[in-house]
Amino acid sequence: MTLEFRRTTFADVPASRRLGAEAFGVSPHPLPDPDPDAWPLPNIRPWVATDDGEVVAGLGVRSFTSWFHGARLPTAGFAGVTVAAERRGSGLLRPLMEAALAEARALGDVVSTLYPSSAGIYRGLGYEVVGAFEDVRVPMAALAAVPPPGGDVRARRATADDVPAVRHVYEAWASAQNGPLSRVEAPFAMEADELVGPGSDYTGVSLAVRGSGADEEVLGFASWSRGPGYDRTNTIEVDDLVALTPDAARVLWRLLGSFASVAGWVQVSTSGGWSGLDAARLVLPDHASTSAPRPYMLRLLDVPGALGAARVAPVSARVPFAVSDARTPDLEGAWTLEAAHGTVRVAPDGAATPGDRPTFTSAGLAQSYAGAQSCANLRLTGGLAGPTDHDAVWDALWGGRQVHVRDYF
């Protein structure tokens, strides 16, 4: 065998697409052949593994920024990972992923994320589940019981002029979470023609607003698709429901509930589950039935870069820590974290000795950094070992935000 792991060329596209169809299913509506002048699409870095010139594995790296601890972090989002059926289990995935991760690190990405088909495959590469993307089905009966808003909060349909305000609402919500895409890079940017233009996939984007005229303030939005039919077997599909106040959430849920005579369900793309519930769902008086969640995994690529970008609680702290994980030698090392006035500085510590400080695995650090697990829980799973003296301070620094995602890739 003559194996090569490299960036995809246009000549590789037909074979790569066949592998993709083999792994993820054959679409009844195949995509048109790509235009060589417009390939690859913006912010996508395709990779292949070849054996004597034959494409035997492939993946795509999406380049975007995502919110963690109040900062936009350069992120490598892996998608479309596939290996030819005859070559699965032959050791192709790790070197292909490592080559793409090395490029991502060289380009300045500090974290990497993905939606796995099997989480176990990626744990061996240092990723760990920190959240999930879910489609939640809410019965119309639950929406009928949502109380009316107080004050003068009301709904109206969005126009192209409202798109900056919609972006502002999304950013206000996303910047307070860990994990959401910033939506400033294609293809995730919130463009007017995609939201409310003639070519939009949505039936409508509805706003929750307060006041009127020059004093009007947009407090939330829902982008929804009506779908076919007009009986109670039908579902209203909602890509986004983001609200900055309880009354804004009530307005949007009640608007969706107004379809009760022609639909039986509202399906909302959301995240968090009942343990870390999306705040907009807290106004609902009844439970919702949820489809199987799609887990979201995180891996750090640059420990000082990821931790040092954070905006944390304004506490003063000095915490020595280390990462030791044979699966991710690129992350191994020892550092000292210093926090003051809401900022963090992480410096290498050459005086470290084995066992003298809290020591994370790659997965443990990812879960702690995302706020998905406490130090106590990481110790139960083997994600953290060593002295416990700094656990409470570490949790206080990294445990203040929930993990939420809104974009599946």
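Numbers here are sequence positions counted from 1. What you see below is based on every heavy atom in this structure, not just the backbone, and it leaves out hydrogens, waters and symmetry mates.
For the 3.5 Å distance criterion, the side chains of R406 and S269 fail to qualify, holding no donor opposite an acceptor. D349 and T336 form a side-chain donor-acceptor contact under 3.5 Å, judged by distance and modelled atom types alone. Between the side chains of Y202 and D239, a donor-acceptor pair is found at a separation under 3.5 Å.
Looking at T359, its side chain never comes within 3.5 Å of a backbone N or O of A322 through a donor-acceptor pair. A donor-acceptor pair is defined here as one N or O able to donate and one able to accept, closer than 3.5 Å; such a pair exists between the side chain of S182 and the backbone of T65. A distance-only check finds no donor-acceptor pair linking the side chain of T388 to the backbone of D391 [under 3.5 Å]. Distance alone, capped at 3.5 Å, is enough to place a donor-acceptor pair between the D325 side chain and the S362 backbone. In this structure, R250 contributes its side chain and G150 its backbone to no donor-acceptor pair below 3.5 Å. Put simply, the side chain of R7 gets close to the backbone of P46: a donor and an acceptor are under 3.5 Å apart. Panel note: side chain R6, backbone T50; no donor-acceptor pair is recorded below 3.5 Å.
Counting all heavy atoms, side chain and backbone alike, A155 lies closest to V251 at CB-CG1, 3.6 Å. In this structure, L252 and S206 approach most closely via the heavy-atom pair CD2-O, 3.7 Å. Here the closest non-hydrogen pair linking S368 and W394 is OG-NE1, 2.7 Å. The two atoms that bring R167 and A192 nearest to each other are NH2-N, 4.4 Å, heavy atoms only. Looking at every heavy atom in both residues, R299 comes nearest to T328 through NH2-CG2, 3.3 Å. Nearest heavy atom pair, residue T235 against residue V266, reads CG2-C, 4.3 Å.
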Would you give me the side-chain donor-acceptor pairs under 3.5 Å for residues 300-314, sequence neighbours excluded?
residue : atom : partner : partner atom : Å
D302    : OD1  : G305    : N            : 2.8
R311    : NH1  : A309    : O            : 2.9

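Heavy-atom neighbours of D231 CG from other residues, nucleotides or ligands within 6.0 Å: above the threshold of 12. For F10, the CZ atom is densely surrounded, since the number of other residues' heavy atoms within 6.0 Å is greater than 12. Under a cut-off of 6.0 angstrom, the local environment of CZ in R137 is crowded, with over 12 non-hydrogen atoms contributed by other residues, nucleotides or ligands. The neighbour count for R318 CZ, taken as heavy atoms of other residues, nucleotides or ligands under 6.0 Å away, does not exceed 12.
Y122 and Y127 have perpendicular rings, their planes meeting at more than 60° on a 0 to 90° scale where under 30° would count as parallel. Using cut-offs of 30° and 60° for the angle between ring planes, the W398 and H69 rings count as perpendicular.
Annotation: Y296 is not in aromatic contact with F133 [ring centroid separation under 6.0 Å not met].
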